[in-house]
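Encoded as structure tokens, here's the structure I'll be asking about.
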Protein chains: 2
Amino acid sequence: MSVSVKHPLDVMIRKLGGSGRFSQAEMFALKSLSVVVRTLEAHHDIVPEGGPATHCCIVLSGWTCCYQLLDEGRRQLLSFHLPGDLPDLQGLHLSEIDFGMATLTPAVVAYVPHTDLRRLIESFPGISTALWHEAQVSAAIHRAWMSSLGRRAARERLAHLFCELYLRLKAVGLANGNTLPMPLRQPDLADALGLTSVHVNRTLKDLREDGLISLKARRLEILDWARLQAIGQFSPRYLHG
Amino acid sequence: MSVSVKHPLDVMIRKLGGSGRFSQAEMFALKSLSVVVRTLEAHHDIVPEGGPATHCCIVLSGWTCCYQLLDEGRRQLLSFHLPGDLPDLQGLHLSEIDFGMATLTPAVVAYVPHTDLRRLIESFPGISTALWHEAQVSAAIHRAWMSSLGRRAARERLAHLFCELYLRLKAVGLANGNTLPMPLRQPDLADALGLTSVHVNRTLKDLREDGLISLKARRLEILDWARLQAIGQFSPRYLHG
DNA sequence: CGCTGGCTTGATAAAGTTCAAACGGGGTGG
DNA sequence: CCACCCCGTTTGAACTTTATCAAGCCAGCG
């Protein structure tokens, strides 16, 4: 009987498809990755916008986000990242990254050099495919966000985002019944959804008064999943391809 | 002296980095891809939203776009694609695509089976890297669009898009001085930028009256590149990584 | 207790939408 | 060759959604 030793990258491996997806050699290669692990406070930059791309970062615990800054203090959040995610996998084959990354909660992240990851991709087809898949799911999420930002009204955007986060959290075991942690503050939601925090506040109030959600003490409860999904025109298809 | 035979995929190969990037074996493999070539009229669906993903499509000539549909006739364009582009490379490792593709002009496209492309990726590191890079640039464009949709005003969005299209067209030799073909109709621009066509119309008028662009007979002339770039907060960095 | 950071609310303004109608120009059929 | 038609563009006026500015509130924490 095999002893299952806990490995820091276990969350990521599970996220990439679980040990069932990889050969023994691939599992070994993944677990042999030499990573630097760092613990960060909430609301801290992980990597600022525009630096050279040399490492990929893996979220081991906590929430992080990617963002871009414009002038006059404008900010657009590009994605949220949960444990197991590789937020800047999208920069693996770029010489320079065009976005910043920050923590939203206290978080633990691991850094892997691009060179190591590229070597893995060249040597192990299973790992290559898993990383391709991961990157393409994240592109699919980008597309869904574009549709929200471009064509959905404020309450639809919120509904859509809450549906997405609920399913993604459930997938990594971080949702509890119809309840999920909601560390995002209203200005964070605003910057993700292309709204102002004032308007997010009023729209949240609407959703609450309509009996769709309850939001207090940093926890979001989904009271009417079917209706929330309908309002957000949410179809879970895109989360897995 | 080697005879250079014209190959249908030449545009794509050039786009992926040119023959200098690939080994002889890789060039041979690329040119041996068996593709189905099809000529399409303007404003025709290439692939409708939500089908199973089995082939990748390569634009050989003309303009195409990716889109998502919402209810009440709402539509969001997700990207524009020019000759040499692989619009649905982002679906190569997904079982099902979450977006549709359509022509914007008369176009010629080639179809390659996913299986063939995946085999190339497994066998040829140079091709794998080139395709990764291509996919990641397209994700970078997605990010730039998210910032536009979420945080830029109408005239800024138009300015940003025009800057992007100008550089991309120039890169494939389709811009002429400061002039570029502009087959997009105002409703297309509107669906790309998350606006109404009426508002696009008024905003274009503003840009024209400010001496920034001239737009007639399906050609866009950029009269003041520096100012257009400034208005759109456009930084070309993201187009190459 | 009293601060502080985020939440809530109100009043007003701006940006963008909607509806509706007229315009224009290139292609087609009489 | 002209008249017509059609599709996209342009313009106007009224309306909605969202932003802005500003002040008060509340809860958790030192």
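All values below come from the heavy atoms of this structure, side chains included, with hydrogens, waters and symmetry mates left out. In what follows, chains carry the letters A, B, and so on, assigned in the order in which the sequence lines appear, proteins first and then strands, with residues in each chain numbered from 1.
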- Atom-pair distance (CG on Asp191(B); P on dT17(C)), nearest Å: 11 Å
Could you pull out all donor-acceptor pairs under 3.5 Å where a side-chain atom in residues 176-183 of chain A meets a protein atom, sequence neighbours excluded?
none

- Item | Length of the CG-C1' vector between Leu193(B) and dT17(C), whole Å | 16 Å
Could you run down the sub-3.5 Å N/O contacts of the protein with nucleotides 3-5 of chain C?
none

- Any side-chain N or O of Lys205(B) under 4.0 Å from OP1/OP2 of dT11(D)?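 Indeed, a polar side-chain atom of Lys205(B) lies that close.
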- Item | Rounded distance in Å - CG (Leu215(A)) to P (dC7(C)) |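 Going from CG in Leu215(A) over to P in dC7(C) covers 9 Å.
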- Message: Over the length of the helix from dT8(C)-dA23(D) to dG30(C)-dC1(D), how much do the five-pair end axes diverge, rounded to 10 degrees?
- Response: 30°
- Query: Can a side chain N or O of Gln186(B) be found less than 4.0 Å away from OP1 or OP2 on dC7(D)?
  - Reply: no
- Message: Please list all pairs meeting salt bridge (charged side-chain N to carboxylate O under 4.0 Å, His left out) that have one or both residues in residues 103-112 of chain B, counting only residues at least two apart or in different chains.
- Response: none
- Determine: side-chain N/O of Asn201(A) to OP1/OP2 of dC7(C), distance under 4.0 Å, yes or no. no
- Item | Residues which pass salt bridge (Lys or Arg N to Asp or Glu O under 4.0 Å) with Asp206(A), listed by chain and number, not counting sequence neighbours | none
- Message: Checking His160(B) now: which residues fulfil ring pair (Phe, Tyr, Trp, His ring centres under 6.0 Å) with it, not counting sequence neighbours?
- Response: Phe234(B), Tyr238(B)
- Thr203(B) to His199(B) - nearest heavy-atom pair and separation: OG1-O, 2.7 Å
- salt bridge (Lys or Arg N to Asp or Glu O under 4.0 Å) partners for Asp88(A), two or more places apart: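 Scan of Asp88(A) (salt bridge (Lys or Arg N to Asp or Glu O under 4.0 Å), adjacent residues dropped) gives none.
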- Tell me, which pairs form a ring-ring contact (aromatic ring centres under 6.0 Å, His included) where one or both residues lie in residues 134-158 of chain A, sequence neighbours left out? Phe80(A)-Trp145(A)
- Task: Please examine the side chains of Leu223(B) and Leu212(B), heavy atoms only from C-beta on, and report whether any two atoms are closer than 4.5 Å.
- Result: no
- Message: Just to verify, what does Tyr67(A) make a side chain to side chain donor-acceptor pair (under 3.5 Å) with, not counting sequence neighbours?
- Response: Asp45(A)
- Within this structure, what is the CZ-to-P distance between Arg218(B) and dG25(C), rounded to whole angstrom? 13 Å
- Message: Rounded to whole Å, how long is the line connecting atom CG of Leu207(A) with atom P of dT8(C)?
- Response: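 To the nearest whole Å, that distance equals 12 Å.
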- Query: Expressed in angstrom and rounded to an integer, what is the separation of Met182(B) atom CE from dT9(D) atom C1'?
  - Reply: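 Taking atom C1' of dT9(D) as the reference, CE of Met182(B) is at 16 Å.
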Solution key, residues 48-62 of chain A side-chain donor-acceptor pairs under 3.5 Å, sequence neighbours excluded:
{"from": "Glu49(A)", "atom 1": "OE1", "to": "Leu69(A)", "atom 2": "N", "distance (Å)": "3.0"}

- Apply side-chain contact (heavy atoms from CB on, under 4.5 Å) to Arg185(A) and list each qualifying residue two or more places apart in sequence or on a separate chain.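 side-chain contact (heavy atoms from CB on, under 4.5 Å) list for Arg185(A), sorted by chain: His43(A), Pro187(A), Asp188(A), Arg218(A).
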- Note on the structure: Whether each nucleotide of nucleotides 17-30 of chain D has a protein heavy atom under 4.0 Å at its base (B), only at its sugar-phosphate (S) or at neither (-) is summarised, 5' to 3', as -SSBB---------
